[in-house]
Student: 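Please see the structure below; I have some questions.
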Number of protein chains: 2
Amino acid sequence: MSSVLTKTKPSRAIAPQSWLDTIIKGDCVAALEALPDHSVDMIFADPPYNLQLGGALHRPDQSLVDAVDDEWDQFASFEAYDAFTRAWLLACRRVLKPTGTLWVIGSYHNIFRVGATLQDLHFWILNDIVWRKTNPMPNFKGRRFQNAHETLIWAAPNAKHKGYTFNYDALKAANDDVQMRSDWLFPICSGSERLKDENGQKAHPTQKPEALLARILMASTKPGDIVLDPFFGSGTTGAVAKRLGRHFVGVEREQAYIDAATRRIAAVEPLGKATLSVLTGKKAEPRVAFNVLVESDMIKPGTVLTDARRRHSAIVRADGTLASGGEAGSIHRLGARVQGLDACNGWTFWHYEDEGALKPIDVLRAKVRAGLEKLA
Amino acid sequence: MSSVLTKTKPSRAIAPQSWLDTIIKGDCVAALEALPDHSVDMIFADPPYNLQLGGALHRPDQSLVDAVDDEWDQFASFEAYDAFTRAWLLACRRVLKPTGTLWVIGSYHNIFRVGATLQDLHFWILNDIVWRKTNPMPNFKGRRFQNAHETLIWAAPNAKHKGYTFNYDALKAANDDVQMRSDWLFPICSGSERLKDENGQKAHPTQKPEALLARILMASTKPGDIVLDPFFGSGTTGAVAKRLGRHFVGVEREQAYIDAATRRIAAVEPLGKATLSVLTGKKAEPRVAFNVLVESDMIKPGTVLTDARRRHSAIVRADGTLASGGEAGSIHRLGARVQGLDACNGWTFWHYEDEGALKPIDVLRAKVRAGLEKLA
DNA sequence: GATGTGGGTGAATCCACTC
DNA sequence: AGAGTGGATTCACCCACAT
């Protein structure tokens with residue numbers, strides 16, 4: 001397979017269509033060398049939870065960590081897990097766009113190490129998210145609380161880039177018009193959604209529910225974006241990405257998982273374009289400058305504007321600024337000034353008189369925007 | 001004060017009654033030298049979170065958010081925070097009985113580092129617990145999910161000792177006979193419970209709710225046990241311990257907090273054997289948002305909804321919003337919009353077709369709620 | 001007294017774009 | 001790239017006070 005390439009020439013030669021919507025076979029770090037720098041919009045990672053349970057733990061060099069309960073060796077295994085985590089996180093950041101974000105899911109066995117490593121590498125945590133399970137496995141021995149949740153971390157590749165995708169308005173509208181919280185409630189993946197192998201056994205031990213991935217993708221990607229899953233497993237990320245009109249790239253080491261995921265994704269019907277458009281809010285609307293209203297004579301120079309209670313007033317000047325009591329400035333600056341505040345939205349603060357009633361100048365802006373839409 | 005003693009003779013000479021049910025003034029690590037080895041049954045720690053805040057944050061109404069910018073929360077680097085964490089954790093383990101347990105609370109700013117350090121020091125994590133807040137502060141800028149929870153870690157001092165206290169049956173009985181989960185729901189501390197200073201301002205910026213501490217103490221201690229809080233602050237741990245018939249030891253650096261906590265605890269009436277309505281806390285709220293139906297595939301994107309008389313229609317989009325004739329929004333907003341009203345209950349207004357009959361989408365919500373009732 | 005209204009506030013890593 | 005500026009942005013609860 002093409003998963004191991006020279007490090008000196010990280011594969012810009014490879015055309016996107018060679019890896020887009022495919023599963024690359026190989027170890028996560030090596031396989032990611034097949035992807036160019038800054039080529040994916042979002043990453044969802046469900047890394048091995050490993051540790052104390054005696055499962056196999058591989059060092060980055062692929063050697064197997066000898067599981068011993070000797071204290072020193074346990075320390076060594078934490079170090080090995082941390083090195084593994086650093087390696088795949090660095091590989092992920094290279095292929096992630098500066099405006100992209102990374103999601104990781106884990107349990108208390110590994111999530112603290114992953115989170116600390118993220119911070120050490122100067123990823124910038126945006127939220128930690130709790131997936132509350134409606135139907136978690138009970139605790140059988142009655143010596144602990146029922147482990148009823150897993151933790152996700154959502155992070156940007158560094159603290160500076162604030163341009164990441166977050167579909168705030170759509171999430172809020174879908175959530176009964178209140179903003180989405182950091183605690184989510186979903187059932188675990190079971191029943192017909194759970195992938196079975198030819199023997200009727202579950203095909204993958206940690207298959208995640210599609211609803212969880214759907215919320216993640218709807219929150220932090222746009223239609224057409226490229227989503228990378230470096231621990232592809234049963235391919236939930238790919239299946240949901242295809243259904244929601246996003247592209248995917250998967251990395252997976254085991255052929256049996258690749259086969260199962262390939263079949264699964266082939267059966268997915270993508271949703272139509274009309275159902276995929278994302279609700280946007282005011283921030284996405286075109287800018288309209290106040291002087292446009294003056295220039296187009298919707299507000300004449302000399303007009304007196306007031307606040308809703310007529311406690312403050314200002315006069316519109318021909319250059320699109322306001323003046324009041326020796327002060328002058330933009331509708332925002334002067335609105336702030338007359339109230340003694342640092343900031344003010346002049347569009348909603350200032351009102352004009354129309355047939356005896358006070359109306360915010362924002363209604364005039366809305367008219368301008370409506371006119372612009374016909375042009376578009 | 002007696003907080004700094006020689007390291008060579010760690011104070012076994014000090015009789016318990018000299019520190020039991022008192023607040024030791026001083027730095028956490030130094031002050032703990034006043035306590036003998038293996039002398040406390042449980043530790044609750046609310047360490048500085050190391051928030052890294054930027055500039056001032058204003059609410060939409062321009063009011064200023066009162067940020068936690070205290071000196072004690074400032075650290076030069078992650079390395080410095082880690083060193084601090086190691087030091088107090090080691091000091092805590094020395095004074096903790098082998099059968100005791102340790103609780104730490106934090107947010108995503110610090111909890112991953114604390115958890116990783118716990119593991120590095122061979123503490124044995126028993127659970128991570130999520131405190132879901134009923135009334136968290138909103139996200140004001142709409143660039144992240146509302147940060148609606150904090151995380152606690154419950155750990156034994158090492159993997160070997162299994163004799164820690166966990167009152168499984170009492171918790172289960174208090175929880176409608178189902179075992180207590182790892183996600184807890186409590187309001188933040190406010191109102192009359194919130195300690196005020198002489199100016200009516202909050203006495204401590206991060207006072208924790210008594211209900212949270214009550215559940216922790218009821219879960220992991222027995223009456224008469226000794227509970228240590230190395231970051232005593234406003235003394236919630238002490239107040240709850242006294243009320244529930246446990247002993248406490250606090251460590252606190254600032255005299256103002258010591259004074260406030262002392263007065264607070266003095267006013268606490270210990271409970272007799274009367275019980276614990278606090279224990280159950282709030283039940284999970286049954287609110288179900290529309291996107292849950294979409295994410296769980298009960299309503300597929302592309303489905304057409306109508307009102308009961310089929311006079312209006314709208315299409316369900318994958319983001320959990322509705323669209324109709326160029327307009328889009330939540331089920332409530334769009335319901336209002338198509339009727340020309342200010343408000344509308346989308347749950348009862350919009351209908352879907354089921355076997356030829358129109359049914360309000362509220363029946364689907366009822367189904368979800370029925371499934372959730374097991375959780376409540 | 002019951003009800004309604006307006007104001008305050010909580011561990012927060014909280015803007016985007018142009019020049 | 002750093003400064004300047006337009007202008008978008010909140011949920012649940014408690015309390016004081018008015019009706």
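Residue numbers start from 1 in every chain, and the chains themselves are labelled A, B, ... in the order their sequence lines are given, proteins ahead of strands.
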Student: Using only side-chain N and O atoms of A:Lys162, determine if any of them is under 4.0 Å from OP1 or OP2 of C:dC15.
Tutor: yes
Student: Could you let me know what D:dG7 is paired to, Watson-Crick or G-U wobble, both distances under 3.5 Å, or none if it's on its own?
Tutor: none
Student: Would you check if there is a donor-acceptor pair between the side chains of A:Ser182 and B:Arg144 at a distance under 3.5 Å?
Tutor: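 Side chains of B:Arg144 and A:Ser182: no pair found under 3.5 Å.
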Student: Could you tell me the Watson-Crick or G-U partner of C:dG6, where both distances fall under 3.5 Å? Say none if there is no partner.
Tutor: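 Its partner is D:dC15.
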Student: Nearest 0.5 Å, what's the CG-OG distance between A:Leu341 and B:Ser63?
Tutor: 10.5 Å
Student: Does A:Tyr164 have B:Arg143 sitting over its ring (NZ/CZ under 6.0 Å from centre, angle to axis within 45°)?
Tutor: yes
Student: May I ask you to verify if any side-chain N or O of A:Asn345 is less than 4.0 angstrom from the OP1 or OP2 atom of D:dA8?
Tutor: yes
Student: To the side chain of B:Phe140, which of D:dT10, D:dG7, D:dC14 is closest?
Tutor: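 Comparing D:dT10, D:dG7, D:dC14 against the side chain of B:Phe140, the answer is D:dT10.
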Student: Please tell me if A:His332 has a side-chain N or O lying less than 4.0 Å from either OP1 or OP2 of D:dG6.
Tutor: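 Checking D:dG6 against A:His332, no side-chain N or O comes under 4.0 Å of OP1 or OP2.
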Student: Look at the side-chain N and O atoms of B:Arg132 and state whether any lies under 4.0 Å from the OP1 or OP2 oxygen of D:dA12.
Tutor: no
Student: Heavy-atom count around A:Arg93 CZ within 6.0 Å, excluding the residue itself: above 12?
Tutor: yes
Student: How long is the gap from CD1 on A:Ile125 to CH2 on A:Trp154, to the nearest 0.5 Å?
Tutor: 12.5 Å
Student: In whole angstroms, how far is the C1' atom of D:dT10 from the OH atom of A:Tyr168?
Tutor: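 Going from OH in A:Tyr168 over to C1' in D:dT10 covers 7 Å.
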Student: For B:Gln255 and B:Asp259, what are the C-alpha separation, side-chain angles and deciding distance, and is it a side chain to side chain donor-acceptor pair (under 3.5 Å)?
Tutor: CA-CA 6 Å; B:Gln255 190 62 47; B:Asp259 295 342; 2.9 Å; yes
Student: Suppose you measure atom P in C:dC19 against the same atom in D:dG7; what distance do you get, rounded to whole Å?
Tutor: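 14 Å, rounded to whole Å.
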Student: Mind checking the P distance from C:dG10 to D:dT9? Whole angstroms is fine.
Tutor: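 That atom pair is separated by 25 Å.
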Student: In whole Å, I'd like the distance from the CZ atom of B:Phe145 to the P atom of D:dC11.
Tutor: 14 Å
Student: Both B:Pro136 and B:Lys141 contact DNA chain C. Which one's nearest nucleotide lies toward the 5' end?
Tutor: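 The residue mapped nearer the 5' terminus is B:Pro136.
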Student: When the distance from CD of B:Gln146 to C1' of D:dC13 is rounded to whole Å, what number comes out?
Tutor: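 Going from CD in B:Gln146 over to C1' in D:dC13 covers 13 Å.
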Student: Among D:dT9, C:dC14, D:dA8, which is the nearest nucleotide to the side chain of B:Met137?
Tutor: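 Closest nucleotide to the B:Met137 side chain: C:dC14.
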Student: Touch check for B:Ser107, heavy atoms < 4.0 angstrom, all strands: base, sugar-phosphate only, or nothing?
Tutor: nothing
Student: Using a heavy-atom cut-off of 4.0 Å across all strands, would you classify B:Asp46 as base, sugar-phosphate, or nothing?
Tutor: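 Base contact - B:Asp46 has a heavy atom under 4.0 Å of at least one base atom.
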Student: Think A:Arg333 has a side-chain N or O under 4.0 angstrom from the OP1 or OP2 of D:dG6?
Tutor: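 A:Arg333 to D:dG6 OP1/OP2: side-chain N or O found under 4.0 Å.
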Student: Tell me whether the side-chain N/O atoms of B:Lys202 come closer than 4.0 Å to OP1 or OP2 in C:dG10.
Tutor: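 The answer is yes; a side-chain N or O of B:Lys202 sits under 4.0 Å from OP1 or OP2.
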Student: So does B:Arg59 reach the base of C:dG10 with its side chain, donor to acceptor, closer than 3.5 Å?
Tutor: yes
Student: Counting the atoms with a prime plus P, OP1 and OP2 as sugar-phosphate, which does B:Pro209 contact under 4.0 Å by heavy atoms, base, sugar-phosphate, or nothing?
Tutor: nothing
Student: If you compare every side-chain N and O of A:Ser330 against the phosphate oxygens of D:dG6 (OP1, OP2), does one of them come in below 4.0 Å?
Tutor: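 The answer is yes; a side-chain N or O of A:Ser330 sits under 4.0 Å from OP1 or OP2.
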Student: Tell me which of B:Gly142 and B:Asn135 sits closer to the 5' end of DNA chain D, going by the nucleotide each one is nearest to.
Tutor: B:Gly142
Student: Give me the distance, rounded to whole Å, that separates C:dG1 from D:dA18 when you measure between the C1' atoms they each carry.
Tutor: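 These two C1' atoms come out 14 Å apart once rounded.
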Student: With DNA chain C as reference, determine whether A:Arg287 or B:Glu150 sits nearer its 5' end, using the nearest nucleotide of each.
Tutor: B:Glu150
Student: Can you find a side chain N or O atom of A:Lys172 that sits less than 4.0 Å from OP1 or OP2 on D:dC11?
Tutor: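 Checking D:dC11 against A:Lys172, a side-chain N or O does come within under 4.0 Å of OP1 or OP2.
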Student: Could you let me know what C:dA12 is paired to, Watson-Crick or G-U wobble, both distances under 3.5 Å, or none if it's on its own?
Tutor: none
Student: Side chain of A:Trp347 only, please: which of D:dG7, D:dT10, D:dA8 is the nearest?
Tutor: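 Taking heavy atoms from C-beta onward, the closest nucleotide is D:dG7.
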Student: Considering every strand and a 4.0 Å limit on heavy-atom distances, what is the contact class for B:Gly55: base, sugar-phosphate, or nothing?
Tutor: base
Student: With heavy atoms under 4.0 Å as the rule, sort B:Asp66 into base, sugar-phosphate or nothing.
Tutor: sugar-phosphate
